[in-house]
Amino acid sequence: MRITHFVHRYGADIGGGAEAACRMVAERLAQRGHDVHVVTSCASNYRTWANHYDPGATTINGVEVLRVPTVGERDMSKWNQLALRILRQTEAVPIELQRQFVTRQGPELADYADVVNRFSQSSDISIFHTYLYQTTTAGIAPARINGPTLLHPTAHDEDAFRLPIFDQILRQADGFFFHTPEERDLVHGRLGNSQRVEACIGLGVDTSAPVSSEEIEAFRHRFNLGPDPYFLILGRVDSAKGVLEAVQTFAGLKRIGKCNASLVVVGEQTGELTDLDGVITTGFVDESTKCAALAGAEALIIPSYAESFSLVLIEAWAMGVPAFVQGHCSVLAGQARRSAAAFTYTDITGLSSLLDRAHADRQWLRDAGELGRQYVTRHYQWDTVMDSYEDLIERTISSRR
């Protein structure tokens with residue numbers, strides 16, 4: 001089959017969840033013999049959409065990637081004013097303001113309508129990643145005129161998702177790829193009793209190459225961690241992800257002697273982290289360094305309030321590492337409940353209690369990590385995931401016939 005993915009950013013150096021998910025499934029579809037294409041922007045920064053990569057076609061790990069330049073950078077001051085005006089309204093938002101929100105969300109790509117038309121006409125299916133960005137909002141309706149469309153909504157309970165204009169976007173999908181039952185239920189709540197093709201699949205994780213003790217020690221040495229235990233936060237350092245709040249909470253506990261470990265924060269920093277007690281930041285790191293950081297951690301901490309799926313949680317479990325997750329996020333709470341390999345907290349007291357127990361009972365952490373490893377083996381092997389994904393694609397195509 002000829003398959004085209006449409007996504008706002010793409011590349012091995014892009015750390016976002018939806019972007020990584022697109023790359024993972026695209027490369028594995030290519031490995032299975034499909035003719036796979038990706039249409040994306042030239043941007044690496046999801047805030048400004050400044051052009052970073054060279055425009056044009058290139059091949060990355062068997063996938064044909066077309067990068068289209070953005071028409072201009074986003075003015076973050078004006079964008080923030082518009083977003084606050086719309087998302088904090090207590091009354092119905094006028095449709096014109098909703099259209100402005102969708103357009104300015106970006107990325108706005110040059111001649112995008114022509115690109116979508118050309119690729120959707122020549123593809124067996126067009127696959128769109130995330131409901132939010134303009135690669136989907138400006139592309140899925142015209143693509144559906146030419147053939148079947150599959151949407152990875154990556155929907156979570158956030159203010160933007162509640163805007164009525166996104167009903168129109170969701171209804172342009174012939175099929176849905178859901179990561180978790182919680183995401184599926186959220187979309188069903190918007191569309192009612194939908195008759196569209198769907199599957200709740202999630203993503204796979206590679207367990208073929210375990211991390212060695214030498215790699216873990218090299219990570220510790222590189223970031224001056226020493227022999228003491230550490231907890232890990234992995235992902236964008238962004239207030240929207242709850243990271244700043246969690247880091248400040250941890251530093252406060254460390255300052256008053258309530259924690260004897262360090263906190264390592266790995267990921268692209270979009271918010272400032274000042275010098276805080278016991279907190280070590282690494283910035284963005286390559287895949288092998290990320291894996292070493294995970295493998296050496298006592299536990300992973302995921303403070304995000306809004307997720308559709310946590311891939312890093314699955315990656316941690318695959319290494320036998322348990323997690324402390326934000327209980328106000330229904331997806332994370334659901335993943336924790338189904339696996340018994342993660343523990344929820346909802347406030348400073350809850351996080352403090354988990355850290356205290358981790359200090360007093362290391363076997364508790366090891367037992368939970370082993371449950372996570374078993375859970376991944378049962379549900380998130382790549383062959384199983386991709387078999388289900390190919391089946392979803394075929395059913396979506398058949399539904400249009």
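Taking all atoms of both residues into account, the shortest heavy-atom contact from Phe324 to Ala358 is CZ-CB, 4.2 Å. Of all heavy-atom pairs spanning His129 and Ile127, the tightest one is NE2-CG2, 3.7 Å. Residues Ala292 and Val211 share a closest heavy-atom pair of CA-CG1, 3.9 Å. Leu170 and Arg196 get closest at one heavy-atom pair: O-NE, 4.2 Å. In plain terms, the two heavy atoms of Gly296 and Ile216 that are nearest each other are CA-CG2, 3.8 Å. Summarising the geometry of Ile301 relative to Tyr345, their closest heavy-atom pair is CG2-OH, 3.9 Å, with the distance given to 0.1 Å.
Around atom NE2 of His34, more than 12 heavy atoms belonging to other residues, nucleotides or ligands sit under 6.0 Å away. Other residues, nucleotides and ligands place no more than 12 heavy atoms under 6.0 Å from the CZ atom of Arg88. Residue-environment remark: CG (Asp111) stays at or below the threshold of 12 foreign heavy atoms within 6.0 Å. More than 12 heavy atoms of other residues, nucleotides or ligands shown are found within 6.0 angstrom of CG on Asp167.
Side-chain contact between Val39 and Val116 is absent, with no heavy-atom pair separated by less than 4.5 Å. At least one side-chain heavy atom of Glu390 sits under 4.5 Å from a side-chain heavy atom of Leu29. In this structure, the side chains of Gln374 and Leu371 come closer than 4.5 Å at one or more pairs of heavy atoms. With a 4.5 Å cut-off on side-chain heavy atoms, Ile60 and Val38 do not count as touching. For the pair Asp174/Arg144, a side-chain contact is recorded, criterion being any heavy-atom separation below 4.5 Å from C-beta on. By the 4.5 Å heavy-atom criterion applied to side chains, Val63 and Tyr10 are counted as neighbours. Proximity of Ser41 to Thr135: side-chain heavy atoms (C-beta onward) are nowhere separated by under 4.5 Å. Annotation: side chain of Ser304 is not in contact with side chain of Cys329 (no heavy-atom distance under 4.5 Å).
Under the side-chain contact (heavy atoms from CB on, under 4.5 Å) criterion, Glu214 pairs with Ser212, not counting sequence neighbours. Scored by the side-chain contact (heavy atoms from CB on, under 4.5 Å) test, Ser122 finds Arg2 as partners (sequence neighbours excluded).
Ring to ring, Phe177 and His179 are close: their centroids are under 6.0 angstrom apart. For Tyr389 and His152, the ring centers are positioned less than 6.0 Å apart.
Distance alone, capped at 3.5 Å, places no donor-acceptor pair between the Ser262 side chain and the Tyr230 backbone. In this structure, Gln98 contributes its side chain and Ile165 its backbone to a donor-acceptor pair below 3.5 Å. Checking side-chain atoms of Arg220 against main-chain N and O of Asp228 turns up a donor-acceptor pair under 3.5 Å. Between the side chain of Thr396 and the backbone N or O of Pro148, no donor-acceptor pair lies under 3.5 Å. Remark: side-chain polar atoms of Ser352 are not paired, donor with acceptor, to backbone N or O of Ile348 under 3.5 angstrom. In terms of modelled atom types and a separation under 3.5 Å, the side chain of Arg67 and the main chain of Asp54 share no donor-acceptor contact. No donor-acceptor distance shorter than 3.5 angstrom exists from the side chain of Asn117 to the backbone of Ala113, with no hydrogens or angles considered. A side-chain donor-acceptor contact under 3.5 Å links Ser388 to the backbone of Thr384.
How far CG of Leu351 is from CZ of Phe250: 8.0 Å, rounded to the nearest 0.5 Å. In this structure, CD1 on Ile125 lies 9.0 Å from NE2 on His5, to the nearest 0.5 angstrom. With values rounded to the nearest 0.5 angstrom, Gln121 atom CD is found 10.0 Å from Ile145 atom CD1. The distance from atom CG of Asp159 to atom CG of Leu84, rounded to the nearest 0.5 Å, is 10.0 Å. Taking CZ from Phe6 and OG from Ser123, the interatomic distance works out to 6.5 Å, rounded to the nearest 0.5 Å. Between the NE2 atom in His52 and the CG atom in Asn45 there is a gap of 10.0 Å [rounded to 0.5 Å].
With Tyr53 as reference, Asp13 is the one residue of Thr58, Thr40, Asp13 to meet the side chain to side chain donor-acceptor pair (under 3.5 Å) rule. Applying salt bridge (Lys or Arg N to Asp or Glu O under 4.0 Å) to Glu298 and the options Arg357, Arg362, Arg366 leaves one that passes, Arg362. A ring-ring contact (aromatic ring centres under 6.0 Å, His included) with Tyr133 is found for one member of Tyr46, Trp49, Phe128 and no other, namely Trp49.
For residues 62-101, the ring-ring contact (aromatic ring centres under 6.0 Å, His included) pairs, not counting sequence neighbours, are Trp79-Phe101.
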Hey, mind stepping through Val312 and Leu294 against side chain to side chain contact (heavy atoms under 4.5 Å, CB included) and telling me if it holds? CA-CA 9 Å; Val312 68; Leu294 265 176; 4.3 Å; yes
For the pair Phe166 and Thr137, evaluate side chain to side chain contact (heavy atoms under 4.5 Å, CB included) and give the outcome as yes or no after the intermediate values. CA-CA 8 Å; Phe166 287 113; Thr137 58; 3.9 Å; yes
Does the pair Met319 and Cys291 meet the rule for a side chain to side chain contact (heavy atoms under 4.5 Å, CB included), with working shown? CA-CA 9 Å; Met319 298 178 187; Cys291 290; 3.7 Å; yes
Trace of the side chain to side chain contact (heavy atoms under 4.5 Å, CB included) decision for His156 with Thr154: CA-CA 7 Å; His156 41 268; Thr154 60; 5.5 Å; no
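Checked for salt-bridge contact, Asp387 and Arg32 meet the test: a charged N lies under 4.0 Å from a carboxylate O. Between Arg74 and Glu108 there is no salt bridge, since none of the side-chain N atoms of the basic residue sits less than 4.0 Å from a carboxylate O of the acidic one.
Defined by atom type and a distance below 3.5 Å, a donor-acceptor pair is missing between the side-chain atoms of Arg28 and Gln31.
Phe178 does not carry Arg184 over the face of its six-membered ring by the limits of under 6.0 Å from the centre and within 45° of the normal.
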